[in-house]
Amino acid sequence: MASSTMGPGSGPKDMGADLRDQQARAWLARLHGGRASADDRAAHARWRADDAANEAAWTRAERTWVMLGALGGSAAEFERAHGRPKPGTARRAAFVAGLAAVLCLGAVWSYRPYPVAGLFADAATAPGERRSFALDDGSRVTLTGSSVVDFEMDGGHRGATLIEGEALFEVAHDPAHPFVVRAGDARVMVTGTRFTVRRTAAGATLMLAQGSVNAASAAGGAALAIRPGGRVDWAGGRMAAGQVPLRDIAAWQRGRLIFRSRPLSEVLETLSLYRGGRIYAPGAAGSLRVTGVIDVARPDLFLAGLPESLPVQVTRFGPITIIRAK
């Protein structure tokens, strides 16, 4: 039973403060890495409650995390604020600084609102996985990696709620029973058509391949009639329409991701659907524009080549990748 209360790398109760601090940092990495399970969170709570020294170590780790995040994770600022790190501790300091950036920036653009949603939803996929579902009305929904959806197919109602990730909807024609897709603020109403909806931390995106749809906002207002090649983005309480080449829509079904002058932050969040871990681009890096084609089977090739095409540096801390502007 005792082992269930220990965190990553835990040991006997008479361990020194340094080892407890390492445990606390390991818990920070696990809980904010984007894939912590309900069991992980419960084990973390037990670890904190098991010993007052554990709770103290956790408090120290959180304080350092927030403090470094306020400083922007700069090594120079860290040295000025806390003194030069002892020999052999520089890598640990860099690790904590990187995690600080994760905490401070996660809520801005890469926080996923339902970290364990897949446990309760009708359908979910793992990173890089693709699954198709045939609905009772003859419609078909295909999920790409790291996606979660609930279906609503009862009482004459047709629809789905995309909780996170991206889905391709191929809706069976039925004028008497519109199919409604919800994704955050986005509302897409159709009677029969083919389109994708992606939900990100920033909002949602619709891209229409065939047929026609009405796109609206949960807050109300006039709906937009969208035709093939139309794109609608919902972000910051606003809805904006544009155009996209038809061949770009659902290109992930052909093993490709196609981006045309899109923000790096959007590209990375899409890329995270196809690989484990989390990717962050704080500050100016996230605003850099990307045009290119990415092989979904080899997303790390794109990350490795980023410094050759953009003024950025790529740093990895286990499952966490941080991309900063030079």
Side-chain angles (χ1 to χ4, degrees), residues 32-35 69 101-115 117-118 125 127 143-149 160-169 181-188 195-208 215-221 224 226 230-244 248-252 257-275 277-292 294 299 302-303 306 310 312 320-325:
H32 296 287
R35 292 292 170 190
V102 170
L103 176 64
C104 296
L105 294 162
V108 176
W109 67 271
S110 56
Y111 172 69
R112 292 192 173 187
Y114 305 96
T125 54
L143 298 182
T144 189
S146 305
S147 300
V148 181
V149 67
T161 297
L162 183 65
I163 298 172
E164 57 182 301
E166 184 170 2
L168 169 65
F169 293 89
V181 177
R182 299 173 176 83
D185 290 336
R187 297 292 184 271
V188 182
F195 59 96
T196 64
V197 176
R198 180 170 68 243
R199 184 173 183 182
T200 68
T205 298
L206 158 75
M207 289 188 280
L208 179 62
S217 171
L224 298 177
I226 309 300
R231 172 182 175 133
V232 180
D233 291 285
W234 289 261
R238 298 181 179 181
M239 184 172 62
Q243 292 294 124
V244 61
D248 291 7
I249 301 173
W252 46 266
L257 299 175
I258 302 175
F259 297 97
R260 301 176 189 272
S261 191
R262 303 306 304 172
L264 179 59
S265 59
E266 176 186 320
V267 174
L268 296 178
E269 182 148 10
T270 301
L271 198 64
S272 70
L273 303 178
Y274 301 90
R275 65 188 298 277
R278 301 295 294 151
I279 318 171
Y280 302 89
S287 300
L288 294 172
R289 294 281 166 167
V290 175
T291 295
I294 301 174
F302 169 77
L303 295 177
L306 263 184
L310 293 176
V312 297
I320 298 172
T321 302
I322 298 178
I323 299 172
R324 293 184 179 275

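What you see is a predicted model, and the numbers here were worked out from it, not measured in a lab.
- Looking at heavy atoms from C-beta onward, Arg289 lies out of side-chain contact with Thr291 at the 4.5 angstrom threshold.
- Minimum interatomic distance between Gly230 and Gln243 (heavy atoms only, all atoms of both residues): CA-OE1, 3.8 Å.
- In this structure a side-chain-to-backbone donor-acceptor pair under 3.5 Å is present from Thr125 to Thr144.
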Practice problem: Please assess Phe259 against Thr270 for the test side chain to side chain contact (heavy atoms under 4.5 Å, CB included), listing each intermediate value before the final yes or no. | Solution: CA-CA 10 Å; Phe259 297 97; Thr270 301; 3.9 Å; yes

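- From Ile279, atom CD1 reaches atom CZ of Phe302 across 8.5 Å, with rounding to the nearest 0.5 Å.
- Remark: Ile163 CD1 to Arg199 CZ distance equals 7.5 Å, nearest 0.5 Å.
- The shortest side-chain heavy-atom distance between Leu303 and Ile323 falls under the 4.5 Å cut-off.
- Closest non-hydrogen pair, Ala241 versus Leu224, comes out as CB-CD1, 4.0 Å.
- Counting only distance, with no hydrogens or angles, the side chain of Arg182 and the backbone of Thr161 share no donor-acceptor pair below 3.5 Å.
- Listed by chain and number, the residues in a side chain to side chain donor-acceptor pair (under 3.5 Å) with Arg187 amount to none (sequence neighbours excluded).
- A distance of 4.0 Å separates CG in Asp233 from OG1 in Thr205, rounded to the nearest 0.5 Å.
- Residues Phe195 and Ile249 form no side-chain contact, since every pair of their non-hydrogen atoms from C-beta on lies 4.5 Å or further apart.
- Here the shortest heavy-atom pairing between Ser147 and Glu166 reads OG-N, 2.9 Å.
- Taking the side chain as every heavy atom from C-beta outward, Leu268 and Thr321 never approach each other to under 4.5 Å.
- In terms of heavy-atom proximity, Leu206 sits nearest to Ala215 at CD2-CB, 4.2 Å.
- Using a 4.5 Å heavy-atom cutoff, the side chains of Ser146 and Pro127 are in contact.
- The residue from Val232, Ile226, Leu168, Thr196 that alone fulfils the side chain to side chain contact (heavy atoms under 4.5 Å, CB included) condition with Met207 is Thr196.
- The heavy-atom pair separating Ala251 from Ile258 by the smallest distance is CB-CD1, 3.9 Å.
- Atom CZ of Arg278 is separated from atom CD of Glu269 by 6.5 Å, given to the nearest 0.5 angstrom.
- Taking every heavy atom of both residues into account, Val267 and Ile294 meet most closely at CG1-CD1, 3.9 Å.
- With a 6.0 Å radius and a threshold of 12 heavy atoms from other residues, nucleotides or ligands, Arg260 has its CZ atom above the threshold.
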